[in-house]
Amino acid sequence: MSELAKAYEPQTVEAKWYAWWLQQRHFVADPSSTKPAYSIVIPPPNVTGVLTLGHVLNNTIQDILARRARLTGHEVLWLPGTDHAGIATQTVVERKLRKEEKKTRHDLGRAEFLRRVWEWKEKHGGIIIEQLKKLGCSCDWSRERFTMDEAYARRVQEVFVDLYRKGLIYRGKRMVNWCPVSLTALSDEEVIPKAQKGYLYYFKVEVVGAPGVFLEIATTRPETIMGDTAVAVNPRDQRYAHLIGGRILRPLPVENQALLPIIGDDAVEFEFGTGVLKVTPAHDKTDYEIGQRHALPIVDIMNPDGTMNELAGEDFAGLDRFEARVEAVEKLRELGILVREEPYENNVGFSERADVPVEPRLSEQWFLKYPQTGPARAALREGSIRFFPERWEKVYDHWLENIQDWCISRQLWWGHRIPVWYKEGEGEGTTRVECQIESPGEGWIQDPDVLDTWFSSWLWAHETMDEPTRKKFYPTSALVTGPDIIFFWVARMIMAGLEYTGEVPFRHVYFTGIIRDKQGRKMSKSLGNSPDPLDLIKKYGADGLRFGLMRIAPQGQDIRFDEQQIVEGRNFCNKLWNACRFRLLQGPVDPEADPFRHELSLFAKDLLSKLEGTISRIESGYADYRFSDIAQALYDLVWAQFCDWFIEASKADLNHSVRKAGTLATMDYALKRILLLLHPFTPFLTEELWHGMGFGSESIQFAQWPGAKSVGAEPRAVELSRAVVTARTLRATFNLPSSKRLRWLLESSEDWVKSEIAVLGVLLNAESITLVEQRPAHAAACPTEIGILYLSLEGVVDPSTERRRLEGEMGKVQAEIEKVERKLGSESFTLNAPPEVVSEHRQRLETWSARLEALRGARDALAA
RNA sequence: GCGCGAUUAGCUCAGCGGUAGAGCGCCUGCUUCACACGCAGGAAGUCGCAGGUUCGAACCCUGCAUCGCGCACCA
């Protein structure tokens, strides 16, 4: 490539290189490699999923880690795949079925329905995989896994059998979270508490045998009165303690009012409501426990779908639970026992998937008593796993400390079938139970339920790998995920890893932030505030999207997304593109250029020093997973250091016979390293430029990562650039257009400055710069660290305007001097501050004073 | 109720004990032969509030406020 287009055009470039990488098998991990291993398993997106900005963030980070590992000489495995996502996928297919064929899954039957789900999965599933390729993800696609793959699914069942045999899995009738829409039990983690505005209803019941003595009860759920089997008070509550042992009449259903005992239980709070609790063991977890303690009967008044059943009475049977609430209040009012209703806000548990309130329900489910909870906590405490940011450790530890058994059975069809078989026994009502994968034989019926999706994904880190792969790449190096699945996935994976491999599944866990919109709201489809990443890629290129996003994604902090930031990412890519274009216009590139063998200009030395500084900043950024820091460091290096100073200065140095070679060598050397450092963030652009510039014909991702060299700073370059800024400011204050070439004069005692005149001329866009011995007439003075710069104002500006400007300038300088003097005048400061700080202030004072002196001289000369 | 995070320029965010920073936006001037997806310059902040520690605090400590997120059986 001898000539580059004027602007970077990502579309063609991206497609070209991705196809090439695949064709070259660059992403395929080799377990027999002698290189050190680096591995990541992808958090498997749902097969139903489409790419969101959250995925972009997450997977860009993984890709950055993977590509950087390749560049640092590792054999890299980034293992991709998808999750069967039980409820989500089943729901999608059921919806389609209803819409297109007006059928339910029961119309088809289990086998046929599952066939349809697989058919859907083959046809529409895994769109997200193709989208990840558009992003540039360097996954080893030859190892793509699915949580329902035959081998994987078998391992899931084997693990179930194993845990069953160890006595950790058991079946029991318990209070579970029931989703009346999905018609399945849920784990505690799948229940999202939401604040709900409702009412607290107060109603009264008369104590039997004590006419005129009423108990007032407060409830948010009057529709469950029909299921009440007691009322409870706290035995230490003096208002009510004497009533314990008495009875009240349950008002509903009207045709079946029943006598309920008044019991005493410590779970009842004095302060809440009236201090009297209605106890509904079938529909509330606390009430269920109270019921257990007092051997209360359990009256389940609801159907699985959340409608009321016949036990609720004729007025309620068939009503939805929320209609029943309205009806119950109405009935209480009719009975004249509704005392009052007051607005009330409380937390209601919602089903994560279906987004409806869950119903606590007593049902027969499978539970897991978690293995390895102690070692899992120790892994973090002792540092065999580290979290970034660290604060999540506390959250993790707290959860493990208070861990509850996991309800792992789901009343769905799509998923891993529970490997348990039943057979009617000989005797009346006895059932034989066998836990094994294959049917024990004739007449045995398999448990109809499937396992929670997370019961399969918790094995993801090791069961996605075959034996040689595991040997090389397990435990994995890092896991990148959102903190929202710290319990669902991260914690459980640690326990599974410890139980089944004897090792932790990963060394580092990086928790990303959550992407929000500009108002700080979560991205969601319903709000319509979630931009389609593919549109963004189309508009700004995958690299622009990646870089723009990474620059604003500080470690584990939520991110407010603003498309403008992606625009900046795109602009940055274009800037680098043009820097390379500039280089190519100067002639052929030397890929092995060594600037240290040449005489170098000040700005070349300065750039090399800044480059080394950036490399060490990047190293520490990777050590702490501070990606926005790395991106920002590269942004500064490329834009401010390389383009604004070095390239601009080079426009003089490239015409300088002695400096030309060194300048070109510096340019090649620096650009090569910039491309390498940038490659993890912007893989397409850097691959394109790597080849375009002629740095190599192999992929950039296997080139040598630049090591940090110690290159001292070049203070003269700093002095020179400060002088340029001061001079530019001077010109601007006269309102002179930057295109107007002006005559400058320089009075300097520094010898080295004389050889920088040409550079100065280019940076100031000067017509001429003349060295002088004393102050010229009709010129504005501008004291700088390299001497006094004069701007010839002859025929350019009115002297009286100039004088006024100088006066103003002197005022500002005077103020600064006073500030520093005050500080230095304070005895407590000079006595207590460290000597280097004090001398820093002294120096500052000197500089300001010199500046003031120069200004005063200039003004006086002008007045004369 | 407990825990965690955030609060710095109009916006998005750095800085975490020694002169308040960047990008965008805004204003001014530029078709300067890499780039208008650009160049140069400028205006703009009592660093949420109140105390404390310190010679010195955006930064450390203690409260408080606001926003957000977890966890918790308060009907």
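Convention: sequence-line order gives letters A, B, ...; per-chain numbering from 1. Everything numeric in this text was worked out from a predicted model, so none of it was measured. For the numbers below, each heavy atom of this structure counts, side chains included, while hydrogens, waters and symmetry mates do not.
- Residue A:Pro483 is out of contact with every strand shown, counting any heavy-atom pair closer than 4.0 Å.
- Comparing B:C11 with B:G5, their P atoms are spaced 25 Å from each other, to the whole Å.
- Side-chain proximity of A:Leu585 to B:C73, B:A34, B:A75: nearest is B:A34.
- A:Val268 comes within contact range of at least one nucleobase, with a heavy-atom separation under 4.0 Å.
- Residues A:Tyr288 and A:His283 keep their aromatic ring centres 6.0 Å or farther apart.
- Figure legend: A:Arg492 and A:Trp406 shown as a cation-pi pair, the cationic atom lying under 6.0 angstrom from the six-membered ring centre and within 45 degrees of its axis.
- At the phosphate of B:C37, neither OP1 nor OP2 sits under 4.0 Å from any side-chain N or O atom of A:Arg570.
- For the pair A:Arg340 and A:Tyr201, the cation-pi criterion (under 6.0 Å, within 45° of the ring axis) is not fulfilled.
- Checked against B:A34, B:A75, B:C37, the side chain of A:Ile647 finds its nearest nucleotide in B:A34.
- Heavy atoms of A:Arg728 sit under 4.0 angstrom from primed sugar atoms or phosphate atoms, though from no base atom.
- Sorted by first and then second residue, the salt bridge (Lys or Arg N to Asp or Glu O under 4.0 Å) pairs with a member in residues 831-845 of chain A read A:Glu840-A:Arg844; sequence neighbours excluded.
- Of the candidates B:A75, B:A34, B:G56, B:A34 carries the atom nearest the A:Ala579 side chain, counting heavy atoms from C-beta on.
- If you check every strand for non-hydrogen atoms under 4.0 Å, A:Cys643 touches a base.
- Note: A:Cys643 SG to A:Lys575 NZ = 4.5 Å, rounded to the nearest 0.5 Å.
- A 6.0 Å sphere centred on CD of A:Gln586 holds more than 12 heavy atoms belonging to other residues, nucleotides or ligands.
- Within the 4.0 Å cut-off from OP1 or OP2 of B:G38, at least one side-chain nitrogen or oxygen of A:Asn571 is found.
- The two residues A:Leu685 and A:Asp543 make their nearest non-hydrogen contact at N-OD2, 2.7 Å.
- Looking at residues 215-223 of chain A, you'll see A:Ala218, A:Thr219, A:Thr220 sit with a heavy atom under 4.0 Å from some atom of RNA chain B.
- No engagement by A:Leu831 is indicated, since no non-hydrogen atom pair under 4.0 Å with the nucleic acid exists.
- For A:Arg731, counting side-chain heavy atoms from C-beta on, the closest listed nucleotide (B:A34, B:A40, B:G41) is B:A40.
- Looking at heavy-atom distances under 4.0 Å, A:Lys285 makes no contact with the nucleic acid at all.
- No donor-acceptor contact under 3.5 angstrom links the side chains of A:Glu189 and A:Trp489, judged on distance only.
- Using a 4.0 Å heavy-atom criterion, one finds that A:Tyr201 contacts no nucleic acid atom at all.
- Relative to the side chain of A:Lys6, the nucleotides B:A36, B:G70, B:A72 differ in distance, and B:A36 lies closest.
- Rounded to the nearest Å, the gap between the C1' atom of B:G15 and that of B:A6 is 16 Å.
- Listed by first and then second residue, the side-chain hydrogen bond (donor to acceptor under 3.5 Å, both in side chains) pairs involving residues 221-231 of chain A are A:Arg221-A:Glu223, A:Arg221-A:Glu359, A:Glu223-A:Arg325, A:Thr224-A:Lys278, A:Asp228-A:Lys278, A:Asp228-A:Thr280 (not counting sequence neighbours).
- Within the 4.0 angstrom heavy-atom criterion, no nucleotide atom of any strand lies near A:Asp287.
- As judged by a 4.0 angstrom heavy-atom cut-off over every strand, A:Asn347 is placed among the base-contacting residues.
- Of the listed residues (A:Phe627, A:Phe684, A:Tyr540, A:Phe572), just one forms a ring-ring contact (aromatic ring centres under 6.0 Å, His included) with A:Phe547, and that residue is A:Phe572.
- Looking at every heavy atom in both residues, A:Ala230 comes nearest to A:Ile263 through CB-CD1, 4.1 Å.
- If you look at A:Tyr344 and A:Tyr199, their ring centroids are not closer than 6.0 Å.
- Here A:Lys575 reaches the OP1 or OP2 of B:C39: one of its side-chain N or O atoms lies under 4.0 Å away.
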Can you pull every protein N or O that's under 3.5 Å from an N or O on nucleotides 21-28 of chain B?
unit_1	atom_1	unit_2	atom_2	d
B:G23	O2'	A:Glu568	OE1	2.6
B:G23	O2'	A:Glu568	OE2	3.1
B:C24	O4'	A:Glu568	OE2	3.2

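- Between A:Lys278 and B:A75, a side-chain N or O to OP1/OP2 separation shorter than 4.0 Å is absent.
- If you check B:C73, B:U19, B:U32 against the side chain of A:Asn765, the one that comes closest is B:U32.
- A donor and an acceptor atom, one from each side chain of A:Gln632 and A:Arg551, are located under 3.5 Å apart.
- Taking atom C1' on both nucleotides, B:C39 is separated from B:A65 by 45 Å, rounded to a whole Å.
- Spacing of P atoms, B:C64 relative to B:A72, comes out at 25 Å, to the nearest Å.
- Rounded to whole Å, the distance from CG on A:Asn578 to P on B:C35 is 6 Å.
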For nucleotides 51-53 of chain B, list the nitrogen or oxygen atoms of the protein found under 3.5 Å from its nitrogen or oxygen atoms, one pair per line.
none

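- With B:G18, B:U19, B:C37 as the choices, the nucleotide that has an atom nearest any side-chain atom of A:Phe829 turns out to be B:G18.
- Side-chain proximity of A:Asn832 to the nucleotides B:C55, B:A34, B:U12 is greatest for B:C55.
- Within the 4.0 Å cut-off from OP1 or OP2 of B:C4, not a single side-chain nitrogen or oxygen of A:Arg391 is found.
- Taking a 6.0 Å sphere around CD of A:Glu827, one finds it holds 12 or fewer heavy atoms contributed by other residues, nucleotides or ligands.
- Atom CD in A:Glu816 sits roughly 12 Å away from atom P in B:U19 (whole-Å rounding).
- Checked against B:C4, B:A34, B:C71, the side chain of A:Glu648 finds its nearest nucleotide in B:A34.
- Within the 6.0 Å centre-distance limit, the rings of A:Tyr635 and A:Trp639 are counted as a close aromatic pair.
- Stem regions for RNA chain B, each three or more consecutive Watson-Crick or G-U pairs with both distances under 3.5 Å and listed by first number, read B:1-7 with B:65-71, B:10-13 with B:21-24, B:26-30 with B:38-42, B:48-52 with B:60-64.
- Minimum atom distance to the side chain of A:Lys651 is reached by B:A34, of the listed B:A34, B:C37, B:G41.
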